[in-house]
Amino acid sequence: MTEQELLRRESLQKLRDLGIDPYPAEMFEVTAQAADILSNYQEEELEDGSKNRLNYQDVALAGRIMATREAGKALFMNLQDSSGRIQLYLRRDELSDGEDFTFFDVVLKKLLDLGDYVGVQGYAFKTKTGEVSVRVLKFKILSKSLRPLPIVKRDAEGNIHDAFTDPEQRYRMRYVDLTVNPEHREIFIKRSKLIKTMRAYLDELGLLEVETPILQPIHGGAAARPFTTHHNTLDMKLYLRIANELYLKRLIVGGFDGVYEFAKMFRNEGMDRTHNPEFTALEFYVAYKDYIWMMGITEQMLERVARALSPDGSATVEAGGHTLDFSGPYTRLTMFDAIKKYTGLDVESVSENELRAYCSKEHIEIDPSMGKAKLIDEIFGEKVEAHLIQPTFLIDYPVEMSPLTKKHRSKAGLVERFELFVLGKEVANAYSELNDPIDQRERFEDQLQLAERGDEEAMAMDEDFIRALEYGMPPTSGIGFGIDRLAMLFTGQTSIQEVLFFPQMRPEH
RNA sequence: GAUCCCGUAGCUCAGCUGGCAGAGCACUUGACUUUUAAUCAAGGUGUCAUGGGUUCGAAUCCCAUCGGGAUCACCA
């Protein structure tokens with residue numbers, strides 16, 4: 001243990017010796033928050049120049065002590081609660097029992113440490129320098145802190161000194177990060193608001209929030225490598241879901257007109273600043289709609305999110321050096337037109353071999369297992385994606401890349417699918433869902449062939465899903481949003497770890 | 001998975017042409033009844049990530065390992 005930890009344990013024992021419980025059991029009733037008092041405290045000046053305090057004259061607050069400034073027989077502290085920080089002013093004569101100054105001189109000045117949780121009762125006032133503070137008449141220790149917090153100081157110009165910045169420590173000890181870096185709290189509050197706004201919108205649309213299995217016997221609905229686990233009683237292999245799409249569509253088969261799920265997905269793939277092994281998706285499916293309807297819904301929903309998260313209610317977001325405008329309608333570009341626009345290449349009229357030649361010339365990595373559709377996707381990823389800064393719908397994908405999507409109503413070889421790109425990144429993926437069970441079986445069979453060709457991510461046949469479609473699924477449109485990506489976008493973060501409370505880390509020791 | 005950078009006090013960091021382990025904040029002791037990066041006086045911080053090597057001597061140079069970050073590859 002370090003010197004400071006030993007000292008804190010000694011303080012703990014001394015408190016007990018004085019008959020003070022450092023971890024009392026009974027609740028402490030809080031009647032006010034720091035931010036409320038700071039923004040709403042009022043006083044009036046009387047004719048004789050004295051002040052008449054108008055509100056918060058009997059308040060109880062609780063939180064952590066984050067700074068102390070001793071001034072002889074007076075003491076200033078900064079108390080931090082979940083709303084912010086407020087200054088406390090304590091006087092020895094007001095916190096002592098007659099001539100016994102033990103509580104002030106020993107407990108408050110010696111045994112109290114930064115980071116301790118305390119509860120105080122008193123009244124709001126303004127100090128000589130004009131700072132709204134709480135004059136403390138009763139003071140109670142609620143929980144003793146045994147480790148020193150990093151001390152982050154902010155000077156009069158707002159410059160931060162000795163910030164707690166090491167990403168490794170911030171992620172491993174997020175509780176410390178959240179305590180000392182209020183700007184990081186804000187990211188998570190915004191994330192929560194993002195999800196709340198989306199949920200409210202979907203509820204208004206009349207969709208039903210549902211939950212579907214995380215442990216799945218077949219990992220369907222996306223192209224990705226799964227985590228595997230084992231159920232002892234059933235003695236069978238199970239997969240952590242890589243997607244929930246096939247389950248949500250079963251619910252549409254079952255007669256729900258619209259369902260949504262905020263779902264943790266698990267993918268056993270690489271980790272970097274935009275990928276965590278577990279991540280959150282919002283998926284929703286609505287009967288009797290198509291992908292064109294879904295584009296309109298997406299525009300409405302994201303515009304509402306942008307306005308809810310921006311301080312002034314505007315639909316624009318500053319991120320990655322751009323001002324992103326989420327008010328619809330967004331640009332709609334077919335995949336082939338997008339490639340033509342940014343490369344001049346007309347992928348529709350060229351052969352697979354010509355595409356291979358183009359990729360070699362442009363140093364785009366390809367392998368023999370790739371078909372024409374995959375080559376087009378590679379070219380798109382290399383040459384187009386990064387240009388799609390403002391929200392853009394990319395529509396009408398080759399059928400081979402989209403085994404769960406309905407064939408295009410008028411364009412042969414394509415499907416009714418769109419992906420939404422913002423800041424060069426995909427944030428949503430939507431289709432008119434394939435509901436023809438015979439076609440769906442053929443698509444799964446094509447996937448099996450891809451698997452035999454060496455594609456590790458090809459989808460597996462799901463007989464029960466086919467059976468469900470055979471009973472009949474209404475025409476349906478569905479979409480999936482990457483919630484972490486959206487959170488990054490709307491909070492201006494470039495690393496997924498900054499929008500996850502507990503990003504995946506290697507073991508510490 | 002590959003490449004590069006980083007790891008020194010509780011926190012932020014300096015020290016790296018090899019020669020006694022450093023600063024600010026935090027902490028300890030004392031002064032101060034409206035301070036606020038409080039101030040003033042005095043004081044102690046340590047497995048220099050871990051293990052090995054070179055050397056009279058290693059925080060410093062070399063090798064390996066662990067952890068993190070950035071870039072690339074794969075993916076959402």
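Heavy-atom contacts from other residues, nucleotides or ligands closer than 6.0 Å to CD of A/E211 number 12 or fewer. Remark: A/R147 CZ is loosely packed, at most 12 non-hydrogen atoms of other residues, nucleotides or ligands lying under 6.0 Å away. Other residues, nucleotides and ligands contribute only 12 or fewer heavy atoms inside 6.0 Å of the CG atom of A/D97.
Residue contacts shown for A/R69 include a base, since a base heavy atom lies under 4.0 Å away. Among the atoms of the strands shown, base atoms are found under 4.0 Å from some heavy atom of A/R135. Here A/N268 lies out of heavy-atom contact (under 4.0 Å) with every strand. Using a 4.0 Å heavy-atom distance criterion, A/R225 is classed as making no nucleic acid contact. In this structure, A/R154 reaches the sugar-phosphate backbone alone: every heavy-atom distance under 4.0 Å involves primed, P, OP1 or OP2 atoms, never a base.
Between A/F76 and A/Y89, the distance from one ring center to the other falls under 6.0 angstrom. The six-membered or imidazole ring of A/Y171 lies away from that of A/F502, with a centre-to-centre distance of 6.0 Å or more. Taking the six-membered ring where the residue is Trp, the centroids of A/F421 and A/F380 are separated by under 6.0 Å. A ring-centre distance under 6.0 Å is not found for A/Y56 and A/Y41.
The phosphate of B/G30 has OP1 or OP2 within less than 4.0 Å of a side-chain N or O from A/K110. OP1 and OP2 of B/U33 both lie 4.0 Å or more from every side-chain N or O belonging to A/R92.
Between A/N429 and A/R417, some side-chain heavy-atom pair lies under the 4.5 Å cut-off.
Under the Watson-Crick or G-U wobble criterion, with both distances below 3.5 Å, B/C66 is paired with B/G7. A 3.5 Å limit on both hydrogen-bonding distances identifies no Watson-Crick or G-U partner for B/A37. Pair assignment for B/A59: none, as no Watson-Crick or G-U wobble contacts are both less than 3.5 Å. Base pairing annotation: B/U71 forms a Watson-Crick or G-U wobble pair with B/A2, both donor-acceptor distances under 3.5 Å. Across all strands shown, B/C27 forms a Watson-Crick or G-U wobble pair, both distances under 3.5 Å, with B/G43. Remark: B/A14 base-pairs with no nucleotide; criterion is Watson-Crick or G-U wobble with both hydrogen-bond distances under 3.5 Å.
Of the candidate nucleotides B/U35, B/A37, B/G67, B/U35 has the atom nearest to the side chain of A/Q87. The side chain of A/I496 lies closest to B/A76 when the candidates are B/A76, B/U33, B/G10.
Taking atom C1' in both B/U55 and B/C62, one finds a spacing of 12 Å when rounded to whole Å. For B/C20 and B/G46, the C1' atoms lie 15 Å apart once the distance is rounded to whole Å. Using atom P as the reference point in both B/U65 and B/G10, the two lie 28 Å apart (nearest Å). Nucleotides B/A26 and B/C11 place their C1' atoms 8 Å apart, quoted to the nearest Å. Annotation: B/A9 and B/G15 have their P atoms spaced 15 Å apart (nearest Å). As rounded to the nearest Å, B/G7 and B/G53 have P atoms that lie 23 Å from one another. Taking atom P in both B/A23 and B/U33, one finds a spacing of 32 Å when rounded to whole Å.
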What nitrogen or oxygen pairs link the protein and nucleotides 69-71 of chain B at under 3.5 Å?
| residue | atom | partner | partner atom | Å |
| --- | --- | --- | --- | --- |
| B/G69 | OP1 | A/Q497 | NE2 | 2.7 |
| B/U71 | OP2 | A/R273 | NH1 | 3.2 |

With the criterion being N/O to N/O and under 3.5 Å, what pairs connect the protein with nucleotides 11-15 of chain B, and how long is each?
| residue | atom | partner | partner atom | Å |
| --- | --- | --- | --- | --- |
| B/C11 | OP1 | A/Q169 | OE1 | 3.1 |
| B/C11 | OP1 | A/Q169 | NE2 | 3.4 |
| B/U12 | OP1 | A/D166 | N | 3.4 |

Which protein N or O atoms sit under 3.5 Å from an N or O of nucleotides 39-46 of chain B?
| residue | atom | partner | partner atom | Å |
| --- | --- | --- | --- | --- |
| B/G44 | N2 | A/E3 | OE1 | 2.8 |

Contact list (N/O, under 3.5 angstrom) for nucleotides 6-9 of chain B vs protein:
none

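Comment: A/K144 engages A/D113 in a salt bridge, judged by a side-chain N to carboxylate O separation of less than 4.0 angstrom. Between A/R174 and A/D177 there is a salt bridge, with a side-chain nitrogen of the basic residue lying less than 4.0 Å from a carboxylate oxygen of the acidic one. A salt bridge does not link A/K406 to A/E433: none of the charged nitrogens lies less than 4.0 Å from a carboxylate oxygen. Salt-bridge formation is detected for the pair A/E278/A/K264: a Lys NZ or Arg NE/NH1/NH2 atom is positioned less than 4.0 Å from an Asp or Glu carboxylate oxygen. Using a 4.0 Å cut-off between charged side-chain N and carboxylate O, A/R92 and A/D105 make a salt bridge. Remark: A/R273 does not engage A/E498 in a salt bridge, criterion side-chain N to carboxylate O under 4.0 Å.
Legend: side chain to side chain donor-acceptor pair (under 3.5 Å) pairs involving residues 2-12 of chain A, not counting sequence neighbours, sorted by first then second residue: A/T2-A/E5, A/R8-A/S145.
Ring orientation note: the planes of A/F490 and A/F326 are tilted relative to one another, at an angle of 30° to 60°.
A donor N or O paired with an acceptor N or O is found under 3.5 Å between the base of B/U33 and the side-chain atoms of A/R91.
Closest-nucleotide positions on RNA chain B for A/A156 and A/A71 were compared, and the one nearer the 5' end corresponds to A/A71.
Between the CG atom of A/L146 and the P atom of B/G10 there is a distance of 16 Å, rounded to whole Å.
For residues 421-434 of chain A, proximity to RNA chain B is found at A/E426, defined as any non-hydrogen atom under 4.0 angstrom from a strand atom.
The main-chain N or O of A/G84 is found under 3.5 Å from a side-chain atom of A/D81 such that the two form a donor-acceptor pair. Between the side chain of A/R267 and the backbone N or O of A/I242, at least one donor-acceptor pair lies under 3.5 Å.
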